[in-house]
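Whatever order the structure lists ligands and atoms in, that order sets their numbers, starting from 1. In this chain, numbering begins with 1 at the start of the sequence shown.
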Amino acid sequence: MPEPITVPRTVDGLFAHLKEKLPTLPEDEVWQKAEIAQQINELKEEKNAVILGHNYMEPALFHSIPDYTGDSLGLSRLAAQTERDVIVFCGVRFMAETAKILNPEKTVLLPADKAGCSLAESITADDVRQLKARFPGVPVVTYINTYADVKAETDICCTSSNAAAVVNSLDSDTVIFLPDEYLAQNVAKETGKQILFPSVGGDGAPVDAGDDAMIGWKGRCEVHDQFMVGDIETARAQHPDVLVLAHPECRPDVVDAADFAGSTSAMIDYVAQSKAKRYLMLTECSMGDNIMAEHPEKELLRMCWVRCPHMNQITLEDTLYGLQHMHQEITVDEEIRVRALRSVERMLAIG
Ligand code: 13P
Ligand code: SF4
């Protein structure tokens, strides 16, 4: 397990730490956040808990309580390694469920009632069974942004950082890739495959997809779906020096028009390593705030009217309540968990 993030242990220390990271936040609010964060960090030790925070967490939370921050793949790897008794997942439900799939004996808490995801809601286990019946023998790759019962029907999971590597790892010309239609198109382009979106239902008769094909599904991320090529053109007209970063859940024409596409952590690393001054981030707005807190000398243009309503359900207040009352525990049916585990472990075995 890598070394965890360390933050000051006192309220005064946390206040100074947050003030430095978030200089534009009113002091009263920073003080309030520091008090809550200090209580969470004490409880974390008392309960032998680890807090995993996704890169989209709001800035005050992101900079005060997670032991580790990262993208879906990085946090899944950490969830597989932790020896703590309790995992508090500051992210969305499918991420917390993945942690539970990997750690059936541990308590996994999600500090929100729902914290869903439009991609995870876009497909059911029955949809996957129907696709498998129509394309017999074709391996199924499922994006990690799905629920456990869908993962249980699939051969291997992937995330935005390893999707092409996972597809290439399969000994098959044809794959079923679910459920993000844009990620599927972006991966099809990267792996040189043609992409098909067959209708399901009808007579349900088996179909031959042909060679070198990816069979997709019409799921979309409700956040990344909203970014258009016009947004990039406007930013470039205003700031000719801007570098454009897009998440691979964006439309393929947006990914093509961007300078870089990658997972949330890949985008963070890109900004950290680049010498450019100005960036347009086509992803959840909080991540731009979190990057600017680390790199105040860089300017991150972002479209903050496009927010992920699910990620934004996670707050410091609810995380404190969750740890105080061991509230919102994630459970996964054991028969489903065991089948889902195979597809998650197969993914984690790929570098
Ligand atoms: P990452 O795996 O890149 O962190 O993406 C997760 C996600 O939900 C992006 O919308
Ligand atoms: Fe799901 Fe999109 Fe929110 Fe990520 S940003 S959790 S893919 S709805």
Side-chain angles (χ1 to χ4, degrees), residues 52-58 61-62 66 68-80 89-99 110-123 141-147 150-151 157-166 177-187 190 217-227 245-251 254-255 258 260-271 281-291 302-314 344 347-348 350:
L52 304 179
H54 187 262
N55 292 325
Y56 285 166
M57 289 298 99
E58 61 94 2
L61 187 156
F62 185 83
Y68 300 96
T69 56
D71 63 8
S72 311
L73 182 63
L75 294 179
S76 300
R77 287 198 191 286
L78 290 160
F89 216 116
C90 291
V92 286
R93 179 164 293 266
F94 73 79
M95 297 179 177
E97 251 192 24
T98 306
L110 175 71
D113 284 341
K114 178 90 202 270
C117 166
S118 64
L119 282 168
E121 313 292 335
S122 74
I123 192 158
V141 179
T142 296
Y143 197 28
I144 199 154
N145 297 35
T146 47
Y147 293 123
V150 167
K151 289 186 173 82
C157 285
C158 74
T159 73
S160 59
S161 42
N162 62 14
V166 165
F177 188 100
L178 308 170
D180 185 338
E181 67 169 294
Y182 297 146
L183 181 64
Q185 288 174 68
N186 291 325
V187 172
E190 202 178 333
W217 185 258
K218 295 270 182 184
R220 290 180 188 181
C221 162
E222 67 192 89
V223 177
H224 294 95
D225 187 27
Q226 294 185 60
F227 302 124
L245 282 71
H247 193 275
E249 288 166 12
C250 288
R251 295 162 181 268
V254 168
V255 167
F260 177 78
S263 78
T264 55
S265 287
M267 286 193 266
I268 291 172
D269 293 346
Y270 185 96
V271 176
M281 304 293 293
L282 297 177
T283 196
E284 155 62 35
C285 170
S286 290
M287 203 174 89
D289 295 331
N290 294 335
I291 298 176
R302 53 222 192 281
M303 296 167 54
C304 288
W305 62 93
V306 182
R307 306 302 302 254
C308 175
H310 314 290
M311 290 282 185
N312 279 290
Q313 280 177 30
I314 312 297
V344 175
M347 171 188 80
L348 293 178
I350 292 181

Taking the side chain as every heavy atom from C-beta outward, state whether [X] and [Y] have any pair of such atoms under 4.5 Å apart.
X: Cys157; Y: Tyr143; answer: no
X: Leu348; Y: Leu73; answer: yes
X: Val254; Y: His224; answer: no
X: Val344; Y: Thr98; answer: yes

> Would you call Arg220 and Asp180 a salt bridge, using N to O less than 4.0 angstrom?
Replying inline: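 The answer is no: the pair does not qualify as a salt bridge.
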Problem set entry | Cys221 and Cys117 SG atoms under 2.5 angstrom apart |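 No, no disulfide: SG-SG not under 2.5 Å.
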Pair Arg93-Tyr147, side chain to side chain contact (heavy atoms under 4.5 Å, CB included): steps then yes or no
CA-CA 8 Å; Arg93 179 164 293 266; Tyr147 293 123; 3.9 Å; yes
Excluding water, the protein N, O or S atoms sitting under 2.8 Å from atom 2 (Fe) of ligand 2 are Cys221 SG
Do His247 and Glu284 pair up side chain to side chain, a donor and an acceptor below 3.5 Å, judged on atom types alone?
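On atom types as modelled, these side chains do not qualify, holding no pair under 3.5 Å.
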Collect the protein residues that have a non-hydrogen atom under 4.0 Å from ligand 1 and hand them over in chain and number order.
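Lining ligand 1 at under 4.0 Å, by heavy atoms, one finds His54, Tyr56, Asp71, Ser72, Asn145, Ser160, His224, His247, Glu249, Ser263, Thr264.
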Here the gap from Glu249 atom CD to Glu181 atom CD, rounded to the nearest 0.5 Å, amounts to 12.0 Å
